[in-house]
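First the structure, in the form of structure tokens, and then the observations on it.
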Amino acid sequence: MVIHAGAGVVSGRLAAHPRAHFEASLGRILDAGFDILDRGGSSLDAVTVAVRMLEDDPLFNAGRGSGLTRDGTAELDASIMDGRNQKAGAVACVTRVRNPVELARHVMEKTLHVMLVGTGAEQFALEQGMELVPNDYFHTDDRRAELEAVRRGGIAAHAGAPHGTVGAVALDSQGHIAAATSTGGTTNKLPGRVGDSPIIGAGNYAKDGVCGVSATGYGEYFIRAVAAHRIAALVELRGQSLEEAAREVIHETIGSLGGSGGVIAIDAAGRMVLEFNTEGMFRGARDSSGRREVAITR
Ligand code: ASP
């Protein structure tokens with residue numbers, strides 16, 4: 001199992017809270033997801049639970065603690081993919097759904113669609129009996145301060161604005177791979193902007209026998225590079241190792257476009273890759289051989 005909680009300039013976030021808080025949170029969530037796999041549970045359940053916990057944790061930019069739009073509101077995106085059958089579900093621009101990853105899973109399992117957005121997605125959430133919350137449930141002092149800093153011009157360009165995402169990829173004992181990704185998006189984004197996280201193939205992808213991928217970084221670049229699917233295609237069609245494929249896409253494909261970010265991924269043999277071209281990436285990895293690590297910087 002691998003998880004991430006965003007890549008980028010992590011020093012700002014580490015200045016706001018002790019590193020140990022981030023590490024404890026990542027470790028707790030990694031272990032919760034891994035326990036599901038360890039007890040014979042499905043990769044789909046493991047990634048759903050891990051991403052839901054990451055959404056609920058205000059330290060990270062997804063669910064509570066989401067980055068805010070130019071207008072100071074939270075607009076959330078999420079997706080999930082089941083590698084068994086390549087079914088997928090996604091939601092974008094939802095403003096009142098407490099756990100967007102769960103809504104994405106309902107879209108995958110209970111509709112004929114892949115993506116629902118905005119008010120239609122929220123209407124569907126109500127029909128599923130999901131909890132809706134007021135938009136300010138998602139707001140935190142950290143994210144308000146980040147938006148203020150961008151507005152004051154402390155961070156000039158969109159490209160320098162704080163951002164973040166959470167994600168999880170898991171391989172279960174049946175050999176099935178699943179991936180899930182959820183985000184509040186980039187700080188100061190225009191209302192209505194959708195990033196890569198809910199776009200299947202850009203910010204999230206899973207295919208049994210190949211790999212699962214969850215991305216984080218400037219979403220526009222990951223969409224343009226179709227990054228998550230590109231990694232899977234390099235593995236499946238060109239026979240590259242997952243590590244080579246992730247490196248190529250992050251450092252060459254995304255890097256040459258001028259983008260930054262990272263990915264977490266697992267291949268069919270359980271090899272875990274955590275690759276980024278930024279100062280750091282909040283991340284964790286654990287497997288049945290006893291490897292367990294949580295890290296933020298290099
Ligand atoms: N990929 C996310 C987005 O563009 C942000 C991030 O991962 O930092 O919405």
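Note that this is a predicted model, so its numbers are computed, not measured. Atoms within each ligand, like the ligands themselves, are counted from 1 in listed order. Hydrogens, waters and symmetry mates play no part in the numbers below; they use all other heavy atoms, side chains included.
Ligand 1 has a nitrogen or oxygen under 3.5 angstrom from a nitrogen or oxygen of Gly219. Note: no N/O pair closer than 3.5 Å links Ala7 and ligand 1 by distance alone. Polar contact check, Gly195 against ligand 1: no nitrogen or oxygen pair lies under 3.5 Å apart.
Interface of Thr216 with ligand 1, defined as ligand atoms under 4.0 Å from a residue heavy atom, comprises 6 (C), 7 (O), 8 (O). Atoms of ligand 1 found under 4.0 Å from any heavy atom of Asp196 (numbered from 1 in listed order, with element): 1 (N), 2 (C), 3 (C), 4 (O). Residue His163 has at least one heavy-atom neighbour below 4.0 Å for each of these atoms of ligand 1: 6 (C), 8 (O).
Using a cut-off of 4.0 Å between Lys/Arg side-chain N and Asp/Glu carboxylate O, Glu220 and Arg193 are scored as salt-bridged. Classification of Asp287 and Arg291 as a salt-bridged pair fails, no side-chain N sitting under 4.0 Å from a carboxylate O. Between Arg52 and Glu55 there is no salt bridge, since none of the side-chain N atoms of the basic residue sits less than 4.0 Å from a carboxylate O of the acidic one. Salt-bridge annotation for Glu146 and Arg13: present, with a side-chain N of the basic residue lying under 4.0 Å from a carboxylate O of the acidic one. Electrostatic pairing of Glu148 and Arg144 does not count as a salt bridge here, judged by no charged N lying under 4.0 Å from a carboxylate O. A salt bridge is absent between Arg238 and Glu244: the closest approach of a Lys/Arg side-chain nitrogen to an acidic carboxylate oxygen does not fall below 4.0 angstrom.
In this structure, Gly6 has no heavy atom closer than 4.0 Å to ligand 1. Using a 4.0 Å cutoff on heavy atoms, Gly217 counts as a contact of ligand 1.
Rounding to the nearest 0.5 angstrom, the gap separating the NE2 atom in His251 from the CD atom in Glu248 is 11.0 Å.
Scanning Lys189, His4, Arg193, Glu75 for the heavy atom closest to atom 9 (O) of ligand 1 points to Arg193.
The single protein non-hydrogen atom nearest to atom 6 (C) of ligand 1 is Thr165 OG1, 3.0 Å, given as residue, atom name and distance.
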